[in-house]
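Bear in mind that the values here come from a model prediction, so they are computed numbers and not experimental data. The first residue in the sequence is number 1, and the count goes up from there.
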Amino acid sequence: MAPSGPGSARRRCRRVLYWIPVVFIGLLLGWSYYAYAVQLCIVSMENIGEQVVCLMAYHLLFAMFVWSYWKTIFTLPMNPSKEFHLSYADKELLEREPRGEAHQEVLRRAAKDLPIYTRTMSGAIRYCDRCQLIKPDRCHHCSVCDKCVLKMDHHCPWVNNCVGFSNYKFFLLFLAYSLLYCLFIAATDLQYFIRFWTNGLPDTQAKFHIMFLFFAAAMFSVSLSSLFGYHCWLVSKNKSTLEAFRSPVFRHGTDKNGFSLGFSKNMRQVFGDEKKYWLLPIFSSLGDGCSFPTCLVNQDVEQSPTPAGLNSAAKNHENHPFPAKPLRESQSHLLTDSQHTSPCLALWNFLNCIK
């Protein structure tokens, strides 16, 4: 039986407290359903056609809101694969070596075959002492989850989960559908809200639900629109929240647009190739979360001079604009296009010609 003590009791208490924001959202959502579907549509609306249209549209938005919120909460963050964990021998070497050049030499040797391009601010290999692994590009350690999360964006208390590679699309859809949900409620409730202030509603409990429902929907619409707009900007630039505050550092230096491939390809990296899945909370993001294509001009000089899989990618890109296999096998595959040649790729070909 596992020993229990003050430390484990505090951890259990914190885990319970972390669910308070989620419970609050759940209760608020439950009340909004009662206030809108029952008190507004069924009790207050007199036109049957208006009732049917509003209830159908409302239940569609409600279902998509709950589905995307559920997926954001209960999709586990992805962690680095085993190849990024140090071997037992390397761990022993690190324990023996003091912090410094010898320590970094062990990490460089362990990372030489890994698809990593980013470094620390000092130019060192990004290593997590707590998880004892070499961090993949865009991976960060979450102090709340106590684990390294692939393409970590932030830890969100409103979903009690880390938002990262595995659920970032779900998080975006959650913001989008919650914003549409609030806007729809505010728009359809507006005329009844005005009638409340002009004494045009019967004196029942419905009038108070209608008033508070409009206030809540309007206030959440303002905050959600700014948050959703910010994350749309992040997607268009292929940045995470952490990268927006601190630009990633490559071998050649800091590059705030190091992972940006252009608006269209940045969108496809998050939402996938098949547009029929874009609006559904179904995982369709491209890649494996451990490696991401970067501009060839900014390639890490410590890596192989020719990106792995470039030749095979050139042969197959007509049929597969994005690789089905992990992106580490074709780091520059996203930089090719069947109709337009990327400026980065054109410069790469030019440099090869003049060698």
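- Proximity of a side-chain donor or acceptor of Asn79 to a complementary backbone N or O of Cys148 within less than 3.5 Å is detected.
- Phe193 contributes atom CZ, which lies 10.5 Å from atom OG1 of Thr198 (distance to the nearest 0.5 angstrom).
- Cluster annotation: Met45 is connected to Ile194 through the hydrophobic network of ILVMFWY side chains, with a link wherever side-chain heavy atoms come within less than 4.5 Å.
- Within 6.0 Å of atom OH in Tyr277, 12 or fewer heavy atoms from other residues, nucleotides or ligands are found, so the atom counts as exposed in its surroundings.
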For Phe170 and Val163, run side-chain contact (heavy atoms from CB on, under 4.5 Å): C-alpha distance rounded to whole Å, both residues' side-chain angles, the deciding distance at 0.1 Å, then the answer. CA-CA 9 Å; Phe170 306 150; Val163 177; over 6 Å; no
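- Between Arg119 and Ile125, the closest side-chain pair of non-hydrogen atoms falls below 4.5 Å.
- In this structure, Ser247 contributes its side chain and Asp255 its backbone to no donor-acceptor pair below 3.5 Å.
- Residues Pro136 and Leu150 meet the side-chain proximity criterion, which asks for heavy atoms closer than 4.5 Å.
- Under the salt bridge (charged side-chain N to carboxylate O under 4.0 Å, His left out) criterion, Glu95 pairs with no residue at all, not counting sequence neighbours.
- Inspection of the Lys151 and Ser240 side chains reveals no N or O donor paired with an N or O acceptor under 3.5 Å.
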Evaluate the criterion side-chain contact (heavy atoms from CB on, under 4.5 Å) for residue pair His231 and Val270; output intermediate values, then yes/no. CA-CA 12 Å; His231 278 278; Val270 174; over 6 Å; no
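- Residues passing the salt bridge (charged side-chain N to carboxylate O under 4.0 Å, His left out) test with Arg246: none are found, sequence neighbours excluded.
- The closest donor-acceptor contact from the side chain of Asn47 to the backbone of Glu50 lies under 3.5 Å.
- Between Arg251 and Thr118 the shortest side-chain heavy-atom distance does not fall below 4.5 Å.
- Pairing each heavy atom of Ile42 with each of Gln51, the nearest pair is O-NE2, 3.4 Å.
- Tyr230 and Leu172 fall within the same hydrophobic cluster, defined by Ile, Leu, Val, Met, Phe, Trp and Tyr side-chain heavy atoms under 4.5 Å apart, directly or through other members.
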Under the criterion side-chain contact (heavy atoms from CB on, under 4.5 Å), I'd like the reasoning laid out for Phe214 against Ile210: C-alpha separation, chi angles, the key distance, then a yes or no. CA-CA 6 Å; Phe214 180 81; Ile210 290 171; 5.8 Å; no
Working for side chain to side chain donor-acceptor pair (under 3.5 Å), residues Asn161 and Thr72: CA-CA 8 Å; Asn161 198 5; Thr72 307; over 6 Å; no
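- Nearest approach of Ile116 to Ile134, heavy atoms of both residues: CD1-CG2, 3.9 Å.
- A distance-only check finds no donor-acceptor pair linking the side chain of Lys147 to the backbone of Cys142 [under 3.5 Å].
- For the atom pair SG of Cys128 and NE2 of His85, the computed distance is 9.5 Å after rounding to the nearest 0.5 Å.
- The NZ atom of Lys237 lies 8.5 Å from the NZ atom of Lys256; values are rounded to the nearest 0.5 Å.
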Show your working on side-chain contact (heavy atoms from CB on, under 4.5 Å) between Asp146 and His141 and close with a plain yes or no. CA-CA 7 Å; Asp146 195 24; His141 186 90; 3.4 Å; yes
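- The same ILVMFWY cluster, assembled from side-chain heavy atoms under 4.5 Å apart, contains both Phe84 and Leu107.
- Put simply, Leu114 and Leu133 are part of two different groups of oily side chains (I, L, V, M, F, W, Y) that touch within less than 4.5 Å, one to the next.
- The two residues Gly287 and Phe165 make their nearest non-hydrogen contact at O-CZ, 3.5 Å.
- The hydrophobic clustering, which links ILVMFWY residues whose side-chain heavy atoms are closer than 4.5 Å, places Leu27 and Trp158 apart.
- For His59 and Tyr33, the distance between ring centers is under 6.0 angstrom.
- Using a distance-only test at 3.5 Å, with no hydrogens or angles considered, a donor-acceptor pair links the side chain of Asp153 to the main chain of Thr241.
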Table please: side-chain donor-acceptor pairs of residues 173-188 below 3.5 Å, with sequence neighbours left out.
unit_1, atom_1, unit_2, atom_2, d
Tyr177, OH, Leu279, O, 2.5
Ser178, OG, Phe174, O, 2.7
Ser178, OG, Leu175, O, 2.9
Tyr181, OH, Ser32, OG, 2.7
Tyr181, OH, Tyr58, OH, 2.6
Thr188, OG1, Tyr36, OH, 2.9
Thr188, OG1, Phe184, O, 2.8
Thr188, OG1, Ile185, O, 3.4

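- Between Phe245 and His154, the gap from one ring centroid to the other reaches at least 6.0 Å.
- What you find for Asp137 and Pro115 is that their closest heavy atoms are OD2-O, 3.8 Å.
- Using a 4.5 Å heavy-atom threshold, the side chains of Glu92 and Arg96 count as touching.
- Inter-residue side-chain proximity for Val149 and His140 is flagged as unmet; no heavy-atom pair is nearer than 4.5 Å.
- Applying the salt bridge (charged side-chain N to carboxylate O under 4.0 Å, His left out) rule to Glu101 yields the partners Arg108; only residues at least two apart in sequence or on another chain are considered.
- Using a 4.5 Å heavy-atom threshold, the side chains of Ser166 and Leu76 count as separate.
- Not a single donor-acceptor pair under 3.5 Å links the side chain of Arg138 to the backbone N or O of Pro248.
- Taking 4.5 Å as the limit, every side-chain heavy atom of Val249 sits out of range of all side-chain heavy atoms of Thr120.
- Put simply, the side chain of Phe283 does not reach to within 4.5 Å of the side chain of Thr75, judged on heavy atoms.
- Between Glu274 atom CD and Leu280 atom CG the span is 11.5 Å, to the nearest 0.5 Å.
- Here the CD-CZ distance, from Gln269 to Phe259, works out to 9.0 Å after rounding to the nearest 0.5 Å.
- In terms of the side-chain hydrogen bond (donor to acceptor under 3.5 Å, both in side chains) criterion, Trp233 has no residue partners (sequence neighbours excluded).
- Atoms OH and SG, on Tyr168 and Cys162 in that order, are 13.5 Å from each other to the nearest 0.5 Å.
- Across all their heavy atoms, Tyr127 and Leu86 have their closest contact at CE1-CD1, 3.4 Å.
- With hydrogens and angles disregarded, no donor-acceptor distance shorter than 3.5 Å links the side chain of Asn238 to the backbone of Val235.
- In this model, no donor atom of one side chain and acceptor atom of the other lie less than 3.5 Å apart for Tyr34 and His209.
- Contact between Ala37 and Cys41 at its shortest, heavy atoms only, is O-CB, 3.4 Å.
- Partners of Gln104 by side-chain hydrogen bond (donor to acceptor under 3.5 Å, both in side chains), not counting sequence neighbours: none found.
- Open room surrounds CZ on Phe263; 12 or fewer heavy atoms of other groups in view lie less than 6.0 Å from it.
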